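Input: a single structure, listed below in structure tokens.
Numbers restart at 1 for each chain; the letters A, B, ... are given by sequence-line order, proteins then strands. Source: prediction; values computed, not measured.
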There are 2 protein chains.
Amino acid sequence: MPAEPTPGPYNALIDVPGIRVGHYGRSSDGYLGGTSVVLAPAGGMTGGVDVRGGGPGTRETDLLDPIAAVESVNAFVLTGGSAYGLASAGGVADTLGRDGIGFRVGPAAHEVVPIVPAAVIFDLGRGGDFHARPDAEFGSRALAHARSEDPEAMAANGNVGVGVGALTARMRGGVGNASLVLADGTTVAALVVANATGSPFDPATGTLWGAGYLRQEDGPVPVPPSASELAALLAVTARPNPALASVSGRVDPVSPAEPAESADPPPGLVSHTTLAVIATDATLTKAQCKKLAGIVHDGMARALNPVHTMFDGDVAFAAATGARPAPDVTAFFEILTAAADVVTRAIVRAVLSAESVTTPAGTFRSYSDLAPSTRPPR
Amino acid sequence: MPAEPTPGPYNALIDVPGIRVGHYGRSSDGYLGGTSVVLAPAGGMTGGVDVRGGGPGTRETDLLDPIAAVESVNAFVLTGGSAYGLASAGGVADTLGRDGIGFRVGPAAHEVVPIVPAAVIFDLGRGGDFHARPDAEFGSRALAHARSEDPEAMAANGNVGVGVGALTARMRGGVGNASLVLADGTTVAALVVANATGSPFDPATGTLWGAGYLRQEDGPVPVPPSASELAALLAVTARPNPALASVSGRVDPVSPAEPAESADPPPGLVSHTTLAVIATDATLTKAQCKKLAGIVHDGMARALNPVHTMFDGDVAFAAATGARPAPDVTAFFEILTAAADVVTRAIVRAVLSAESVTTPAGTFRSYSDLAPSTRPPR
């Protein structure tokens with residue numbers, strides 16, 4: 001019998017060899033948000049994307065289509081700031097370009113165009129200043145952080161980088177990681193930011209939808225909350241909650257399909273998003289990367305309910321570094337299955353790692369803060 | 001406070017007024033399979049589709065694209081027989097055309113082209129004869145059954161129509177229905193056929209993944225199986241199981257991307273599929289129907305793990321009859337949330353309604369037969 005699949009050494013995206021992660025965020029001076037960078041190994045990586053949310057904000061996703069020409073991605077950026085925040089990817093691209101990293105368009109070393117697909121979450125105004133949002137500097141700083149190669153920092157969960165401004169069902173959200181090393185040695189790993197419209201827990205019991213998917217290495221499995229804790233959770237997450245709605249804005253600026261005057265979300269519902277990067281060290285085609293990105297959304301569905309609504313901008317990026325061989329159909333099946341699994345676990349870990357915060361815009365409480373008895377002592 | 005959402009009178013797709021359902025199947029003479037028809041109200045219905053499986057077999061899905069011209073669907077067909085079974089939709093189209101029902105292409109009453117999108121499940125050989133599969137007659141008979149308008153027959157779950165040949169994780173699968181009437185009176189309902197590669201239960205406990213989504217009206221919630229029952233479930237569903245693999249064929253004929261000699265699925269894994277039709281009486285655009293079909297796959301992900309693999313041909317059709325007004329963004333959010341919910345419940349009901357069967361190809365046991373103690377007495 002082959003060994004059972006088990007999480008990698010960091011239980012994080014960086015368990016895929018060569019991939020680095022960097023975060024930069026601010027939670028003062030009107031800010032509550034940040035930017036995260038997933039940096040490819042030196043040779044780049046094959047990429048794919050699948051957009052399932054109704055209100056996405058993205059950059060450079062079309063070139064990930066299997067029929068588009070570019071074969072190699074240099075970095076992915078996940079950022080706060082809604083569509084404005086896409087500027088942070090420009091900071092990443094500028095730095096990579098200065099370093100001669102990118103798609104070669106001329107003979108000189110600097111004649112490159114870095115390939116930096118990006119996606120955003122809606123978090124405007126949560127720090128108190130609607131205009132305080134990630135810009136190119138955020139991207140550059142997150143990239144520098146990735147290049148520092150501090151494993152603990154690269155594997156961090158919670159309110160780092162794009163996770164600083166995240167909410168999920170109006171509780172504090174954040175960044176989450178998880179990984180799985182398959183029996184054949186292939187690593188499949190995910191980094192997510194949970195900023196969903198939908199709830200991470202069953203309103204009937206308060207139990208996290210994805211709790212049953214956790215592995216021992218993910219930490220203690222949370223137990224159901226007490227009745228008073230469940231009431232506290234529902235008071236924050238159940239609609240309507242106009243106070244928090246006004247904090248975060250009532251209209252999604254990245255979803256232009258509806259004119260602003262008719263696009264009021266339900267009371268207390270604000271535009272949100274779950275983003276994920278899934279990566280493996282297997283060799284995959286661009287088409288396989290697209291399929292891999294698609295499966296990520298199954299993992300989201302098991303951790304969040306609802307998900308992929310018109311108020312979400314859910315996007316999954318997939319990357320294959322190619323350090324290991326191309327999978328046969330059986331091995332690809334295992335990679336796909338693992339991908340959904342790590343995403344569900346990463347979302348649960350994001351929710352459990354989030355910490356309450358108070359800004360001029362209000363107090364955003366975390367699941368663990370609202371229901372402390374759900375965390376058994378370690 | 002508005003009334004709580006609750007299932008409709010039949011807890012079935014036909015709870016959407018005007019929609020009729022018909023089944024025809026055979027389980028003798030080498031057959032184990034059939035065809036199901038979802039018949040639109042007289043004026044047709046707006047349709048959408050979302051294909052998420054890696055090995056689909058479909059007909060007339062391209063015209064459901066929001067930029068394609070046809071605005072009205074006359075029927076959906078879900079059928080066994082893999083790609084061969086698409087012939088059954090021809091039987092439906094021929095009959096509808098003779099009756100003057102379809103897209104008008106000339107002045108005479110008979111000058112119509114019926115719009116009948118269809119999708120297939122892989123079930124070849126399960127009745128003992130690889131060549132015994134649904135043809136045009138199956139479609140005509142299923143349509144006649146729908147027109148008989150027997151509510152109990154139209155709302156049937158289990159091994160009817162396309163559900164006759166279905167397996168799920170090598171246990172017997174089948175057809176399942178569920179519905180939800182929202183607080184504003186809008187009905188959202190689903191019919192599925194569960195024929196998935198992935199398992200409907202958690203291998204650690206035997207509990208159905210979707211059990212927590214059941215409502216009181218869905219019947220008694222199954223309890224976890226005993227240890228010996230779990231062992232029996234795993235003996236059937238855990239890989240490898242070469243005996244059953246050889247029964248159902250090792251290569252998916254509807255998935256031509258891989259040459260047959262390299263497309264061996266993992267031992268015991270055979271090509272499967274989950275299909276769904278989701279319907280509502282709201283007025284939706286084609287684009288909204290496409291979004292509605294997309295959300296269906298979240299419901300699949302909560303009931304089946306894995307799902308949407310390269311061995312699945314998962315397809316969701318969506319339909320809006322337009323008897324009720326167009327939803328605002330809040331109401332559409334509720335429709336989408338309900339859609340995923342009814343699909344999860346319909347899949348659980350399909351699994352619980354399935355019955356064991358023996359054919360010349362072997363014995364296909366159901367979840368309830370393998371784990372009878374999971375069904376509390378009514």
Side-chain angles (χ1 to χ4, degrees), chain A residues 50-54 197-199 202 204-205 207 209-210 212-213 239-240 251-252 255 257-258 262-267 269 287-288 291 294-312 314 327-341 343-344, chain B residues 50-54 197-199 202 204-205 207 209-210 212-213 239-240 251-252 255 257-258 262-267 269 287-288 291 294-312 314 327-341 343-344:
Chain A
D50 191 36
V51 177
R52 300 284 293 168
T197 297
S199 178
D202 183 343
T205 63
T207 302
W209 293 113
Y213 297 84
R239 287 162 281 159
V251 176
D252 180 6
S255 177
E258 298 279 344
S262 73
D264 288 355
L269 261 185
Q288 287 174 315
K291 180 70 189 174
I295 289 287
V296 164
H297 292 286
D298 294 333
M300 292 186 189
R302 293 176 188 132
L304 299 164
N305 189 353
V307 70
H308 306 135
T309 74
M310 300 301 272
F311 304 117
D312 290 291
D314 306 326
D328 64 12
V329 291
T330 304
F332 190 48
F333 176 88
E334 300 297 344
I335 290 171
L336 292 177
T337 302
D341 180 61
V343 167
T344 301
Chain B
D50 191 36
V51 177
R52 300 285 292 170
T197 297
S199 178
D202 182 344
T205 63
T207 302
W209 293 113
Y213 297 85
R239 288 162 281 161
V251 177
D252 179 5
S255 178
E258 298 280 341
S262 74
D264 288 354
L269 260 186
Q288 287 175 315
K291 180 70 190 174
I295 290 287
V296 164
H297 293 286
D298 293 333
M300 291 185 190
R302 294 177 188 132
L304 299 164
N305 189 351
V307 70
H308 306 134
T309 75
M310 300 302 272
F311 304 117
D312 291 290
D314 307 325
D328 63 12
V329 290
T330 304
F332 189 49
F333 176 87
E334 300 297 345
I335 289 170
L336 292 177
T337 302
D341 180 62
V343 167
T344 301

Self-check item: salt bridge (Lys or Arg N to Asp or Glu O under 4.0 Å) against Arg302(A), all qualifying residues, sequence neighbours excluded
Solution: none
Self-check item: chain B contact via Asp341(A) - side chain, backbone, both or neither, heavy atoms under 4.5 Å
Solution: neither
Quiz item: With sequence neighbours excluded, what pairs up with Asp298(A) under the salt bridge (Lys or Arg N to Asp or Glu O under 4.0 Å) test?
Solution: none
Quiz item: Among Leu336(A), Asp202(A), Thr309(A), Thr207(A), who wins on heavy-atom pairs under 4.5 Å with chain B?
Solution: Thr309(A)
Quiz item: Do His297(A) and His308(A) get their side chains close enough for a donor-acceptor pair, meaning under 3.5 Å?
Solution: yes
Quiz item: Among Asp328(A), Ile295(A), Asn305(A), Leu304(A), which has the most heavy-atom pairs under 4.5 Å with chain B?
Solution: Asn305(A)
Quiz item: Does Trp209(B) use its side chain to pair, donor to acceptor, with the backbone of Ala301(B) at less than 3.5 Å?
Solution: no
